[in-house]
Amino acid sequence: MPVVYVEQIGEWEGKEVTLRGWVYNRRSSGKLQFLLLRDGTGVIQCVAFKGNFPAEEFALLDGLGQESSLEVQGTVRRDSRSPGGFEVDIARFRVFQAAENYPITPKEHGTAFLMENRHLWLRSARQHAILKIRHEVIRACRDYFDDRGFTLVDTPIFTPNACEGTTTLFETRYFDQTAYLSQSGQLYNEATAAAFGKVYCFGPTFRAEKSKTRRHLMEFWMVEPEVAFATLEETMELAEGLICFILERVLSRRRAQLDVLERDIGALERIVPPFPRISYDEAVKLLQASGSAIEWGGDFGGGDETMLSERYDAPVMVHRYPGAVKAFYMQPDPERAEVALCVDMLAPEGYGEIIGGGARIHDSDLLLERLAEHGLPPEPFGWYLDLRKYGSVPHAGFGMGIERVVAWICRLTHLRETIAFPRTLYRIYP
Ligand code: 4AD
Ligand code: MG
């Protein structure tokens, strides 16, 4: 008898199949048992008639708690009253494990309790929908770059140097040396871009973010393209294209999950290129006019980003921030040395930064100067400086945080639901 998944059940109408999964919910009406079976791909109602089973077997079914695991065999029947349009008449079943007192019940639970039970919470419809969308976003990123001639080159996680400032480094022992967990694959991407032209890396990155916010995780996944000879403008186009591609994929393939989340789909459908592009100077003026205390030269706070991103239907790209508030590797604008050729993309609906990137310094002397200004020792950057000695070219790229994008697309209030096992300031369990 074929073992099938709920998502393909429509292909088996009138046939006998085997399904395996977990009890999502169950109710009985004396002679009938209605069992909602969840198998990871969907939920289907399975029905058992008392008359078809020996009394003790029927009683076993009647006693099964939520999340008990079992296999059922039976005939697939079309039924418009059933959630997925099909039902299974149970002819036989086999219990793998009878669960009791599953802690997550249909009643409301507090976030702390749910986070403590994250390993089980993942089975809930909402969490399942979010992680299916996350997978779609990740797949779209890979397809976008793969289809455009980029080579995926993985970058290391143990690193000797800081990429995004020394205040958020996770330090660890590396035998008799000190190493840091990677904050970004960018510096290594710059080396591989000189070998392959167009590259991307896609992996976990780590930041010891000591402030507790809804927008920061200690461990998050970033996709980072890097392109030799690219300009800031080309980088903005690449970023805009990526976001449009992701949205198109999620809207066409994950509508059911967006519906589970009750996402306003119109807000996503209205997003079309070109996205607004404004300079940091213009952004500061807009913020001041809206009552922000920001002065030219300062970095945007979370509130400023929210305010800016609420102004537009589409993500907004803010370019040319003052070099002083950005990382050491940012290429200064040749027309105006105090600003960097960089860009942040802020997602709408108040979500704030989802992408950061720009052009990198390709001159060796300037790079040495900047390392010194940022208090970074040149020795661990020897290899990085080599890239400026052997065929240095202008180049640019960006990093997009997967969790930030998923939070926005799913319209979640906190990043902790965008990843299976979030690492937050106060929690490393489970
Ligand atoms: O703006 P960031 O710090 O830029 C870089 O790391 C560059 N080296 C990337 C590059 O040019 N290759 O981080 C990039 C993105 C942010 O826009 C945000 O989406 C995400 O990474 N991000 C975080 N996501 C979750 N938790 C955190 N603590 C994050 N920090 C950054
Ligand atoms: Mg940034």
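Just so it is clear, the values below take in all heavy atoms, side chains as well, and ignore hydrogens, waters and symmetry mates. Counting convention: from 1, in listed order, for ligands and their atoms alike. Just so we're clear, the structure is a prediction, and the values are computed from it rather than from any experiment.
The contact set between ligand 1 and I355, taken as ligand atoms under 4.0 Å from a residue heavy atom, comprises 17 (O). Applying the 4.0 Å criterion to heavy atoms of L415 picks out, from ligand 1, the atoms 25 (C). Within ligand 1, the atoms closer than 4.0 Å to a non-hydrogen atom of Q186 are 7 (C), 8 (N), 10 (C), 11 (O), 12 (N), numbered from 1 in the order shown.
Residue Y174 places its OH atom among 12 or fewer non-hydrogen atoms of other residues, nucleotides or ligands, all under 6.0 Å distant.
At least one heavy atom of R215 sits closer than 4.0 Å to an atom of ligand 1. Contact analysis leaves K326 out of contact with ligand 1, as no non-hydrogen atom separation drops below 4.0 angstrom. Under a 4.0 Å heavy-atom criterion, E164 is in contact with ligand 1.
When only interatomic distances are considered, the shortest N/O to N/O separation between S184 and ligand 1 falls below 3.5 Å. Backbone and side-chain nitrogen or oxygen atoms of G357 are examined, and none is located within less than 3.5 angstrom of a nitrogen or oxygen of ligand 1. Considering backbone and side-chain N/O atoms, H216 never comes within less than 3.5 Å of an N/O atom of ligand 1. Checking only distances, Y329 does come within under 3.5 Å of ligand 1, N or O to N or O.
The aromatic rings of Y144 and F245 lie tilted to each other, with the angle between the two planes from 30° to 60°. In this structure, F150 and Y200 have perpendicular ring planes: the angle between them is above 60°, well past the 30° mark. Under the 30°/60° scheme for interplanar angles, the aromatic rings of F398 and F145 are found to be tilted.
Residue V405 does not touch ligand 1, judged by heavy-atom distances below 4.0 Å. Looking at F220 against ligand 1, only its side chain comes within 4.0 Å, counting heavy atoms. The side chain of R360, and not its backbone, has at least one atom closer than 4.0 Å to an atom of ligand 1 (non-hydrogen atoms only; side chain from C-beta on).
Among all non-hydrogen protein atoms, the one lying nearest atom 19 (O) of ligand 1 is I354 O, 2.8 Å. The nearest protein atom to atom 6 (O) of ligand 1, hydrogens excluded, is given as R207 NH2, 2.8 Å; this is a heavy-atom distance. Atom 18 (C) of ligand 1 has as its closest protein heavy atom R404 NH1, 3.5 Å. Looking only at protein heavy atoms, the nearest one to atom 14 (C) of ligand 1 is M222 SD, 3.4 Å. Shortest contact from atom 17 (O) of ligand 1 to any protein heavy atom: E353 OE2, 2.6 Å. Regarding atom 28 (N) of ligand 1, its nearest protein heavy-atom neighbour is L217 O, 2.9 Å.
Comparing G399, C163, P225, A347 against atom 15 (C) of ligand 1, the shortest heavy-atom distance belongs to G399. The closest heavy-atom contact to atom 12 (N) of ligand 1, among the options M400, E224, E190, E209, comes from E224.
Electrostatic pairing of R427 and E116 counts as a salt bridge here, judged by a charged N lying under 4.0 Å from a carboxylate O. A salt bridge links R263 with E349; the closest basic N to acidic carboxylate O contact falls under 4.0 Å. A salt bridge does not link E282 to K285: none of the charged nitrogens lies less than 4.0 Å from a carboxylate oxygen. Salt bridge absent: E209 and R215 never bring a charged side-chain N and a carboxylate O closer than 4.0 Å.
For the Mg ion (ligand 2), the set of protein N/O/S atoms nearer than 2.8 Å consists of E353 OE2, ordered by chain and number.
A side-chain donor-acceptor contact under 3.5 Å links Q186 and Y329. Between the side chains of Q45 and R81, no donor-acceptor pair is found at a separation under 3.5 Å. For T41 and D39, the side-chain atoms include at least one donor-acceptor pair closer than 3.5 Å.
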Apply the test ring pair (Phe, Tyr, Trp, His ring centres under 6.0 Å) to residues F206 and Y180: give CA-CA distance (whole Å), side-chain angles for both, the deciding distance (0.1 Å), then the verdict.
-> CA-CA 9 Å; F206 307 86; Y180 306 101; over 10 Å; no
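Taking the ring centre of F34 as origin, the terminal cationic atom of R27 falls inside the region bounded by 6.0 Å and 45° from the ring axis.
At least one donor-acceptor pair under 3.5 Å links the side chain of R388 to the backbone N or O of Y384.
Partner of Q183 under the side-chain hydrogen bond (donor to acceptor under 3.5 Å, both in side chains) criterion, out of T159, T168, T166: T168 alone.
Under the side-chain hydrogen bond (donor to acceptor under 3.5 Å, both in side chains) criterion, D154 pairs with no residue at all, not counting sequence neighbours.
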